[in-house]
Undergrad: 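Here it is, the structure in full.
Note that ligands are numbered from 1 as they come in the structure, with each ligand's atoms numbered from 1 the same way.
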Amino acid sequence: MSTAEFQPKPRTESGSSALMWVSVVFGSALVLIFFLALIAGSLDSRPTAAQYSATQTAVALLPTAAPTDPPATAVAVVAAPQAKTRKYKLKTVFGGQPVMHLEGVGGTINGQINPTLTAEVGDTVEITLVNGDGQLHDLTVPDYGVTTGEFAGKDQEKIISFEATQPGEFKYICKVPGHEQTGMVGKLRVTGEVKAGDKPAANTSGGNAPVVPAAPPPDPAKPDAVSVVRNPTDMPGPIERREPITLKVDMATVEVTGQLADGTTYNYFTFDGKIPGPMLRVRVGDTVEFTLKNDEKSLFPHSIDLHAVTGPGGGAVYTQTTPGGATTFTFKAINSGVYVYHCATPSIPHHISNGMYGLIVVEPENGLPKVDREFYVMQGEIYTQHDFGTAGHMNFDAGKMSHEQPEYFIFNGAAGGLTTDDNALRAKVGETVRIYFGVGGPNFTSSFHVIGEIFDRVYELASLTGQPLTDVQTVLVPTGGAVMVEFKVDVPGRYILVDHSLSRLERGLAGFLYVEGEAQPDIFKGEGTGEAAGH
Ligand code: CU
Ligand code: CU
């Protein structure tokens, strides 16, 4: 896409929600502590007594395998004469404060935001979740091990029902990634006592700790999955003009079922359907009228933070965009450089790891030196529940993301994405090659290296206003950062783009650069075929 192809699009006002989102984004550090505690809790493999005592109805609703053998020492509760069923109804709301929340419907909790629900030990608690906004949600009481499972139909309802076996305060949440942090969390307060003499069951019994069932096999790979790999030559050309202008940029956030590896599929989040998102290319001093549309089929809100922007959130404060919606803001590119952009909607690392990143090149006043070939490559990580190499449809794993334990490392969206004949980089002997290389991450820096080549010039950290480093083997690129490297290709053959943290090569991180032309025996020669791609 060239800058000339940017189309003006209709836009909507977004100012009213901006302040709220500022508070969400900046308040996320606080809720993150809460969230980490949640994840730590959910990783504890041994269910609590309360979980074991959840009624059969509730256990049947668990999305993953639940223990099938109730422990011998189940909790005996005081079934007080007034034990009854406590019925509550909660509705999901997007908008307001907090930006996502659960609102009480009917009875004493009517209209309350994230109301505190109450029950006595021995009561049956029945909570109906109404999907009020048509986005993906669930209702989960982690300590009781009950969940409605995720659903997205507007006005659809699901019910969880369980016996309140333990006194205390328990949280209820929506456990769709990011939603608890964004405000979908409240309390269930259970009063009363467990009958004296009955000890809590199960997980304090030492040697009799319950066996954790193995993760169920994944669903089959989705047959309609598409390639999300952006071809590394798919980018706008150099900017020829020497005057600043005002231009319109229009981008769409699209959730796509894509091919992660051979026989393995994944639900990606993208800008414009490919990873990385489209390269934007402007000149320093240009003013950009930016419109972000969120595809109507999206299940999540999305946004954009461009590191080339000077202003709060890099644009994220104005672009939190619900499915089917559009937002607009304007910025002036006052610093040249190569900048990362990414989605900044909680959980931000979830959206980034799912593929929401790209580069914006802000050319200096006099443009960039001329080269023969330009390429656009970005690195990221994918956190799947199943191990690297498992065939089937992979699900995102929030716990692995929090612990920074990715299964896949990817260039341009897929394992081996730039090694295929369709998407490999290609050049001819004697040409000068430039690679714009960025790291979306969200968590892993890159030791970017091309096996068999030396970078003649490295614009370290993508700073374009100083002198480049010369004659560099490997360049460190931070997450949310980039580099511009240039080198002349002198010898024909296949070169391999890697992160020199080479374990990642074995988790999908590789790209090929094929150089065609006459052999150059004065620079490189040997015996045999020269086919082995050793390092
Ligand atoms: Cu939710
Ligand atoms: Cu997003």
Undergrad: Does this structure show an ion pair linking R504 with E381, if we count only N-O contacts that are shorter than 4.0 Å?
TA: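 Judged by the 4.0 Å cut-off on N to carboxylate O distance, R504 and E381 do not form a salt bridge.
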Undergrad: What angle sits at the Cu ion (ligand 2) between ND1 of H302 and SD of M356, to 10°?
TA: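 The angle at the Cu ion (ligand 2) comes to 90°, rounded to the nearest 10°.
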Undergrad: Distance check below 2.8 Å: does N354 bring an N, O or S atom to the Cu ion (ligand 2)?
TA: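 So N354 does not bind the Cu ion (ligand 2) by this criterion.
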Undergrad: What N, O or S atom of H351 is found closest to the Cu ion (ligand 2)?
TA: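 Of all N, O or S atoms in H351, the Cu ion (ligand 2) lies closest to ND1.
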Undergrad: To 10 degrees, how wide is the angle ND1 (H137) to the Cu ion (ligand 1) to ND1 (H179)?
TA: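 My answer is 110°, to the nearest 10°.
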Undergrad: Salt bridge or not for R281 and E363, using N-O below 4.0 Å?
TA: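 Yes, this pair counts.
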Undergrad: Ring-plane angle category for F300 and F269, please: parallel below 30°, perpendicular beyond 60°, tilted otherwise.
TA: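 Ring orientation of F300 relative to F269: tilted.
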Undergrad: Other residues, nucleotides and ligands only: do more than 12 of their heavy atoms fall within 6.0 Å of NZ on K154?
TA: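 Yes, enclosed.
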